[in-house]
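Quick notes on the structure that follows.
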There are 2 protein chains.
Amino acid sequence: MTQAVRHDAMRARNLGVVLTEVRRSGPVTRAALADATGLTKTTVSKLVGDLIAAGMVTETGTLRDGERGRPGTTLALSGGRVAALGLEINVDYLSACVVDLTLAVRLRYTQPVDNSSHTPVETLSHLGKIIHRAVDEARAAGLVIGGATLAVPGPVEGGLLHSAPNLGWRDVDVGGLLGTAPSTGAAPEAPRPPAAAGWGFPVEVDNEANLAALGELWFGSGRGDFLHVSGEIGIGAGLVIGGALFRGARGLAGELGHVVVFPGGPACRCGGRGCLEQYAGQEALLRAAGLDDPDELVRRLRDGDGRALRACERAGHALGVALTSATNLLDPGTIVLGGVFAPLFPWISGAAAATMADRLAAMRRAVPELAVSRLGGDAATLGAAGKVIQRIIADPVSHLAAAGAVPGPPAGRSPAGTVR
Amino acid sequence: MTQAVRHDAMRARNLGVVLTEVRRSGPVTRAALADATGLTKTTVSKLVGDLIAAGMVTETGTLRDGERGRPGTTLALSGGRVAALGLEINVDYLSACVVDLTLAVRLRYTQPVDNSSHTPVETLSHLGKIIHRAVDEARAAGLVIGGATLAVPGPVEGGLLHSAPNLGWRDVDVGGLLGTAPSTGAAPEAPRPPAAAGWGFPVEVDNEANLAALGELWFGSGRGDFLHVSGEIGIGAGLVIGGALFRGARGLAGELGHVVVFPGGPACRCGGRGCLEQYAGQEALLRAAGLDDPDELVRRLRDGDGRALRACERAGHALGVALTSATNLLDPGTIVLGGVFAPLFPWISGAAAATMADRLAAMRRAVPELAVSRLGGDAATLGAAGKVIQRIIADPVSHLAAAGAVPGPPAGRSPAGTVR
DNA sequence: CATATTAAGTCCATAACGTGGATTAAATAG
DNA sequence: CTATTTAATCCACGTTATGGACTTAATATG
């Protein structure tokens with residue numbers, strides 16, 4: 001239900017609105033903020049004062065724009081205090097990153113581990129150590145972690161990982177094992193992340209493909225509304241519309257890999273036949289090219305190897321068919337190819353785009369453009385951290401409650417109101 | 001951008017929250033409303049007072065529940081004053097309905113017209129007359145029309161109908177021709193419907209398939225999150241998630257009819273090949289059955305005609321393949337078959353469900369259930385009216401501004417605050 | 001039947017927050 | 001150097017929700 005608004009909620013909301021606007025329009029003056037938000041200068045000044053006290057905004061200087069009149073002091077997000085932790089468990093590595101409010105990446109770990117040969121408990125305890133180290137280093141740099149998100153390679157609902165075929169995991173309560181209250185993830189309008197359990201900050205768990213899409217949105221080439229295709233061993237996709245992820249009823253939307261390309265095609269591990277994965281998945285691609293190493297495939301393609309080229313062309317065609325269906329159903333603005341498709345883009349995108357153009361042009365004024373992801377394997381980890389930052393900026397109050405009181409300078413005029 | 005909240009916005013929001021809760025939980029007491037919304041009894045009383053003054057809520061009696069303590073007076077939506085107009089232009093008819101706040105249908109017209117043989121201007125002027133009559137009759141019944149929505153058979157963006165192949169229309173500014181400021185429709189987060197232009201109330205234009213899905217949500221068998229398939233000459237679909245329509249980037253989502261079922265199949269009018277429409281569209285179905293009247297097809301099916309049965313089975317299979325792709329991409333909770341599929345449900349759903357079960361069961365814990373629409377051709381018209389009601393209930397203030405001041409009884413204690 | 005108890009709804013003083021006009025500060029224009 | 005313009009702050013005020021006291025109307029109890 002949409003919640004009732006009381007005075008504190010009004011204030012919390014307005015703090016979020018101001019902070020969002022500060023991020024959106026770079027360095028701005030208080031006057032410009034008042035203009036953009038519709039609040040009065042007085043109110044903006046008060047809100048900004050609290051945000052500065054909370055270490056989320058700083059004055060960056062005075063705006064010398066040559067106009068007459070007193071110049072304004074510009075405000076920008078401060079990367080100095082609040083940060084977020086992005087985590088990822090994948091088949092062959094664990095990774096973590098710390099990102100500050102400005103989306104600058106402050107720390108970054110990647111540790112190769114064969115997680116498919118470990119139990120969930122082992123892997124999560126390993127991850128726990130990494131979290132500890134990251135939090136310590138962040139603290140040493142003066143940063144306060146406001147929350148974390150963990151990316152896992154499979155569908156998640158309420159902290160529960162249903163299945164991760166590549167890890168061999170099934171029904172793992174990742175949230176619980178990480179030592180946090182089971183947090184949101186797929187729930188569309190989650191009640192509110194639990195205010196810290198074991199770590200002193202809330203931890204969420206979400207699907208890697210979804211987070212990779214968000215990573216592309218905030219750190220990569222995703223602009224506006226787009227579908228991000230993250231081909232790994234399976235093929236997943238995340239749709240971003242209006243800055244938010246589309247998840248479907250149970251958070252299982254975006255399973256592009258099992259869109260039917262050819263109903264009578266080869267059997268798929270999903271029980272169906274002729275799924276996209278059977279034509280454009282990493283395994284299928286390598287088999288068709290007669291190889292077993294993705295890097296080798298790229299080398300062959302560069303060398304103009306006929307069999308490799310044909311394999312990619314065929315995969316691109318299948319991808320185009322699946323993306324035609326996806327475009328008809330999801331109507332993405334653009335389509336970003338990431339994961340294994342990123343390095344193969346030059347050899348796959350042509351056939352895919354041509355197929356889509358043939359099949360879509362007559363019905364729509366614009367066929368979605370194919371773009372290549374600029375992010376490597378980091379997309380999901382970054383997206384995980386970015387998601388936390390996004391929440392903090394949209395609703396600074398509830399997230400700062402979790403991070404504890406503001407450790408501001410004890411002296412000076414006791415600030416009229418610190419962010420509560 | 002999420003807007004800043006000022007005092008008036010807070011109040012407006014809370015009025016909407018209270019009204020929404022009144023609808024959600026049937027007859028309720030003020031005390032129960034306070035409980036549910038988190039507002040205090042005092043505040044709820046004030047808000048309810050204004051809603052009663054505005055004619056949107058009435059006291060329905062006292063709650064004699066046998067508990068001790070003073071019994072509460074129950075409140076419910078009042079159908080007596082505020083209403084909405086649902087309109088539809090389709091190939092062979094114009095229709096209109098007036099629905100009150102309680103979603104009771106107060107008036108209903110359907111006028112058979114062959115609109116494909118008329119120009120947009122002619123058709124819209126004809127519709128204008130119908131609107132006038134509906135508004136007059138509504139007024140005679142003491143109702144104030146708070147807004148209207150027009151359903152058209154094609155994709156709409158900002159009042160502009162891109163193409164309606166069955167009408168032979170292309171790029172028609174329906175909103176403009178209806179004599180209103182171009183209103184929203186597909187825009188995801190529309191700024192706000194224009195407060196009345198020619199009619200004294202805002203008029204929106206939207207796609208028939210989308211509105212039919214909403215009709216199913218409010219008037220039919222749509223529960224929770226579902227995909228509504230509205231097969232007419234084309235096949236469209238509308239996805240409802242969390243009570244809201246999913247529209248994609250440009251409002252073109254849900255084109256189920258052009259999902260690829262068989263990439264090498266027969267050419268489709270969309271330029272592609274093997275689209276669902278070529279297997280399960282009304283024309284394809286009738287051709288396969290050797291008939292040209294949908295009603296005749298149903299008769300033959302009832303009589304057990306082999307050719308008709310086989311045609312439906314094949315169409316059901318194709319529908320199952322397309323819905324498999326749709327489920328993987330959209331993750332609907334259930335799937336409601338409407339339009340031409342509703343009468344054919346007994347003969348089509350079996351094959352479709354079986355195909356989906358085969359292809360989806362291994363990956364998900366639950367395959368979306370197939371349900372039949374209980375609404376006839378009225379789904380879109382009703383959904384159109386319901387959409388207006390939905391908006392009014394969520395935000396009573398801005399819609400009542402359009403409908404003019406409340407014509408309450410002039411005597412009595414001048415109400416402290418009428419809804420502004 | 002009288003009284004206690006309980007819950008609904010209203011009243012009133014208060015607190016929180018944003019508003020709007022006045023004021024001060026700091027720049028450019030002439 | 002003065003007028004003008006814009007930024008930011010200050011202060012009195014209006015709006016809205018709060019919370020406790022109060023009134024009302026029912027059931028429970030003796």
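In what follows, every chain begins at residue 1, and chains take the letters A, B, ... in the order their sequences are listed. All heavy atoms count here, side chains included; hydrogens, waters and symmetry mates do not.
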*Among C:dG9, D:dA17, C:dC17, which is the nearest nucleotide to the side chain of B:R30?*
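Among the listed nucleotides, the one closest to the side chain of B:R30 is C:dG9.
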[X] has an atom [atom1]; how far is it from atom [atom2] of [N], in whole Å?
| X | N | atom1 | atom2 | answer |
| --- | --- | --- | --- | --- |
| B:L75 | C:dG9 | CG | P | 7 Å |
| A:R11 | D:dA17 | CZ | C1' | 16 Å |
| B:K41 | D:dC22 | NZ | P | 14 Å |
| A:M10 | C:dA15 | CE | P | 17 Å |
| A:R70 | C:dA26 | CZ | C1' | 6 Å |

*Taking atom types as modelled, is there a side-chain donor on B:R23 or B:Q390 under 3.5 Å from an acceptor on the other?*
yes
_Distance-only donor-acceptor check, side chains A:T43 and A:T40, under 3.5 Å_ =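 There is such a pair between these side chains.
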*Just checking A:T73: base, sugar-phosphate only, or nothing, at a heavy-atom cut-off of under 4.0 Å?*
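Since only primed, P, OP1 and OP2 atoms lie under 4.0 Å of A:T73, the category is sugar-phosphate.
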*Got A:R30 and A:T73 here, is their nearest side-chain heavy-atom distance under 4.5 Å?*
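They are in side-chain contact.
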Can you say whether a donor on the side chain of [X] sits under 3.5 Å from an acceptor on the base of [N], or the other way round?
| X | N | result |
| --- | --- | --- |
| B:T29 | C:dG9 | no |
| A:T42 | D:dC10 | yes |
| B:H7 | C:dC17 | yes |

*Would you say a side-chain N or O of B:T40 is under 4.0 Å from OP1 or OP2 of D:dA17?*
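Looking at the OP1 and OP2 atoms of D:dA17, neither is under 4.0 Å from any side-chain N or O of B:T40.
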*Is B:K41 salt-bridged to B:D35, cutoff N-O under 4.0 Å?*
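B:D35 and B:K41: not salt-bridged.
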_Need to verify one output field. Residue with the more 5' nearest nucleotide on DNA chain D, A:R68 or A:S45?_
A:R68
